[in-house]
Structures are given as structure tokens and as C-alpha cells.
Amino acid sequence: MPASRPRLRVLLEITTAVTDTARSPHERYLAIHDLMKRRNREMANAFDDMRRSRALEHVFYIRRLGLFTEDEYARFTGAMRDEVAKIER
């Protein structure tokens, strides 16, 4: 899978919700609304309030969202990756 594909996951999810003909238009709207609220919270956890004191938390959330490629993640120190691994467990 190309590196950019997981980064566009929300667009694929919206497309799926829009084209779900088993749901009424209103149900599709609500599904998209709920999806956007959830994704906005995820993005806020990952990117809002950038401070060094929250770096570990941000790296964890960005990784959890699949927004780092393996090459990008490998650039972090071993200590940072170890700390993220502890949280992931």
C-alpha cells in the first residue's frame, strides 16, 4: 500500500458512507457527521497543543492513526519508540 493511502483513509470512509444505498440519505448524512466528529477528535489528539511535554503522546496518536510511514517512524530515537511501544501494549 502506498504511504499516502492510509493518510487518505477518512476520504475512503466518507465515500463508502455516501454510496451506501442501503441507508436513507439522512442516515448517510448522520454517518458522515459522526465519522467527521470522531476523526476530528483523533486529529485533535494527534496535532493540537504541540509542546515538548506532550511529544510522546502526539507521536503515539499519530502512529496509532497510521500517519507515519515506517521510514518516518524509524527516524525517532530508540528511546522514543520504546516509550511508544509501552503505551501501545
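- L30 CG to H33 NE2: the interatomic distance, rounded to the nearest 0.5 Å, is 8.0 Å.
- L11 and Y29 fall into different hydrophobic clusters, where Ile, Leu, Val, Met, Phe, Trp and Tyr are joined by side-chain heavy atoms under 4.5 Å apart, directly or via other members.
- Between F47 and I62, the closest side-chain pair of non-hydrogen atoms falls below 4.5 Å.
- The residues R63 and E88 are annotated as salt-bridged, a charged nitrogen and a carboxylate oxygen being separated by less than 4.0 angstrom.
- Side chain of E72 to main chain of T69: a donor-acceptor pair is present (N/O by atom type, distance under 3.5 Å, no hydrogens or angles).
- Side-chain atoms of H58 come within 3.5 Å of backbone N or O of D48 as a donor-acceptor pair.
- Side-chain atoms of L56 and I87, non-hydrogen and from C-beta on, do get closer than 4.5 Å to each other.
- At distances below 3.5 Å, not a single donor-acceptor pair connects side-chain atoms of E57 with backbone N or O atoms of R54.
- A donor-acceptor pair is defined here as one N or O able to donate and one able to accept, closer than 3.5 Å; such a pair exists between the side chain of N40 and the backbone of M36.
- Under the 4.0 Å criterion applied to side-chain N and carboxylate O atoms, E42 and R64 are not assigned as salt-bridge partners.
- Put simply, the side chain of R28 gets close to the backbone of V18: a donor and an acceptor are under 3.5 Å apart.
- Shown here for V10 and R39, the closest heavy-atom pair between the two residues is CG2-CG, 3.6 Å.
- Using cut-offs of 30° and 60° on the angle between ring planes, the pair Y73 and F68 is tilted.
- A donor-acceptor pair under 3.5 Å links the side-chain atoms of R81 to the main chain of F76, judged by distance alone.
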